[in-house]
Amino acid sequence: MTDIWTDALAGLRPRLGAETYELWLRPLVLVTTGQGVLHLRAPSLFMKEWFENHYRDAVQQEIYAQTQEHYAIEVDVSEEGAPIADEAPAVVQTPAPAPSPSRRASAPVGLSERYRFGTFIQGASNELAASAARAVAEEPGRRFNPLFIYGGVGLGKTHLLHAVGHAVHEQRPDRRIVYLSAERFMNEFISAVRFNECDQFRKRYREDCDVLLIDDIQFIAGRDRTMDEFFHVFNALYEAGKQIMVTADRTPSDMQGMEERITSRLNWGLVADIKPPDLETRVAILRQKAEDERIAIADDVAVYLATLVRSNVRELEGALVRVSTFAALKGVPISQDFVREVLGDAAAPRAPQQLTVEAIQKAVAGYFSVRITDLKGQRRHKGVARPRMIAMYLSRELTGSSFPEIGLRFGGKDHSTVINACRRMAEMQTTDPELRTIIESLRAQLVGPQA
Ligand code: ADP
Ligand code: MG
């Protein structure tokens with residue numbers, strides 16, 4: 001189901017172009033519609049004014065053209081700081097190339113030029129995934145097969161997948177590389193069934209393919225026939241020693257509705273996660289991006305920006321582009337104040353007393369890509385035990401709740417468990433700088449950057 005705002009955007013997008021659309025219109029969200037008023041929310045005052053001065057009329061006209069009704073458009077400014085550009089424009093994909101009789105396979109289709117190893121910044125948060133991807137690119141089919149990379153949105157999964165495609169192609173031009181999203185895989189399969197072209201489909205993915213790169217495999221979970229087809233593709237390639245690399249937003253075992261025989265195969269090789277980048281990595285990414293785009297940004301401003309936008313790389317890049325575009329338009333340099341002005345209340349510190357244990361659990365779960373139920377659960381696995389202790393520690397520090405109360409909110413644990421967790425986190429921070437950084441960045445995320 002769509003709404004008038006979405007419809008209006010869809011109508012305007014071809015006229016305004018993807019870039020304008022991404023930059024100026026998409027950050028605005030629909031709050032309510034009714035009685036001839038469309039109520040939108042902008043992430044900052046700056047965005048609101050820009051919209052009103054440049055695009056409001058066009059949107060009104062578009063709505064009128066679509067509905068024959070006049071709407072007034074009101075824009076307010078988000079309190080929380082709205083998310084900044086949550087998705088990059090989709091990569092344009094075309095079907096896999098027909099097999100070429102020559103030794104040199106044609107260049108891989110659908111890979112974005114920008115997504116290469118050379119432009120991927122490695123840091124603690126993506127170390128394993130990036131190293132494994134490099135190893136796979138060096139020796140496809142030999143080292144980690146399949147390679148499964150998972151993590152939250154905007155953390156570089158697609159980037160690594162493309163980077164492998166480029167690198168294999170450069171080093172071994174005879175290898176046939178097939179890259180596509182799982183969604184596209186499904187659509188092609190459905191159309192192959194419908195038009196009686198299953199033979200061609202099978203040939204393309206099971207035979208004419210040396211390296212299969214599939215993005216967002218979680219998409220096929222619960223789609224029985226597509227899963228079945230993928231299962232056979234996997235087996236054919238795997239048995240022939242061909243490389244398979246897959247990304248997803250969660251681990252194989254966490255994909256609800258995915259057949260067990262697929263989950264287990266996805267676990268055969270290496271499963272590597274990507275976490276949100278730490279501050280140093282975020283700054284390094286910003287510096288590189290600024291250099292690529294010839295954006296002049298002082299070091300302290302880059303650090304400041306990286307402190308404000310922590311959740312993912314895509315948002316970080318979006319924020320840099322937005323800030324630099326505004327700065328260029330206004331003819332001012334990018335200063336800390338200017339960044340704060342453009343990014344709006346996202347930059348404002350939030351009052352600590354409003355914090356709840358739930359908000360902390362949510363932030364910690366998001367940071368580590370674990371589920372809130374795991375934080376509240378009993379599992380002692382390090383992957384959840386440490387986030388749990390950190391969440392307890394921050395709950396005590398930032399909400400001032402009592403130990404028994406915190407225990408209660410963590411699935412009814414005894415207060416002594418909470419006390420132990422807090423004590424251990426306090427001690428470990430003195431010897432473990434990484435832990436200290438994690439806790440600091442979570443604290444900053446929850447209460448705003450500290451002076
Ligand atoms: P995902 O597929 O995990 O949602 P993407 O691979 O699409 O994320 O990454 C989002 C954006 O962030 C892309 O523009 C990508 O180039 C950039 N990016 C992510 N991680 C890094 C990194 N470590 N170094 C440089 N750019 C990165
Ligand atoms: Mg992706």
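Indexing begins at 1, ligand by ligand and atom by atom, following the structure's order.
Not counting sequence neighbours, the partners of Phe185 by the ring-ring contact (aromatic ring centres under 6.0 Å, His included) test are Phe201, Tyr205.
In this structure, His166 has its ring center no closer than 6.0 Å to that of Tyr115. Aromatic pair Phe144/Trp268: ring centres not closer than 6.0 Å.
Polar contact check, Lys157 against ligand 1: a nitrogen or oxygen pair lies under 3.5 Å apart. Looking at ligand 1, you'll find an N or O of Leu155 within less than 3.5 Å of one of its N or O atoms. Distances between N or O atoms of Ile121 and those of ligand 1 include at least one value under 3.5 Å. Ligand 1 has no N or O atom lying under 3.5 Å from any N or O atom of Phe120, backbone or side chain.
If you check the side chains of Asp254 and Tyr150, you find no donor sitting under 3.5 Å from an acceptor. Side chains of Tyr304 and Arg340: a donor on one and an acceptor on the other come within 3.5 Å.
In this structure, Gly154 counts as a contact residue of ligand 1, since one of its heavy atoms falls inside 4.0 Å of the ligand. Put simply, part of Gly152 is less than 4.0 Å from ligand 1, judged by heavy atoms.
Taking the charged nitrogens against the carboxylate oxygens, Lys242 and Glu239 have no contact shorter than 4.0 Å, which rules out a salt bridge. The pair Asp273-Lys275 meets the salt-bridge criterion, since a charged nitrogen lies less than 4.0 angstrom from a carboxylate oxygen. Ion pairing between a basic and an acidic side chain is recognised when a charged N comes within 4.0 Å of a carboxylate O; Glu397 and Arg443 show such pairing. With respect to the salt-bridge test (charged N to carboxylate O, under 4.0 angstrom), the residues Lys48 and Asp76 do not qualify. Salt-bridge annotation for Arg287 and Glu291: absent, with no side-chain N of the basic residue lying under 4.0 Å from a carboxylate O of the acidic one.
For Glu317, every heavy-atom contact with ligand 1 shorter than 4.0 Å involves the side chain, none the backbone. If you look at Arg114 next to ligand 1, the close heavy atoms, those under 4.0 Å, all belong to the side chain. Residue-level proximity to ligand 1 for Thr119 is carried by the backbone, the only part with a heavy atom below 4.0 angstrom. With a 4.0 Å cut-off on non-hydrogen atoms, Thr158 touches ligand 1 through its backbone as well as its side chain.
Interface of Gly156 with ligand 1, defined as ligand atoms under 4.0 Å from a residue heavy atom, comprises 1 (P), 3 (O), 5 (P), 6 (O), 8 (O), 9 (O), 19 (C), 20 (N). Close contacts between ligand 1 and Val153 involve ligand atoms 4 (O) [criterion: under 4.0 Å to a heavy atom]. For ligand 1, the atoms sitting less than 4.0 Å from at least one non-hydrogen atom of Tyr115 are 13 (C), 14 (O), 15 (C), 16 (O), numbered in the order shown with element in parentheses. Within ligand 1, the atoms closer than 4.0 Å to a non-hydrogen atom of Asn126 are 23 (N), numbered from 1 in the order shown.
Of all protein N/O/S atoms, those lying under 2.8 Å from the Mg ion (ligand 2) come to 1.
His54 contributes a side-chain N or O that, together with a main-chain N or O of Trp50, makes up a donor-acceptor pair within less than 3.5 Å.
Figure legend: Arg223 and Phe219 shown as a cation-pi pair, the cationic atom lying under 6.0 angstrom from the six-membered ring centre and within 45 degrees of its axis. For the pair Arg261 and Phe231, the cation-pi criterion (under 6.0 Å, within 45° of the ring axis) is fulfilled.
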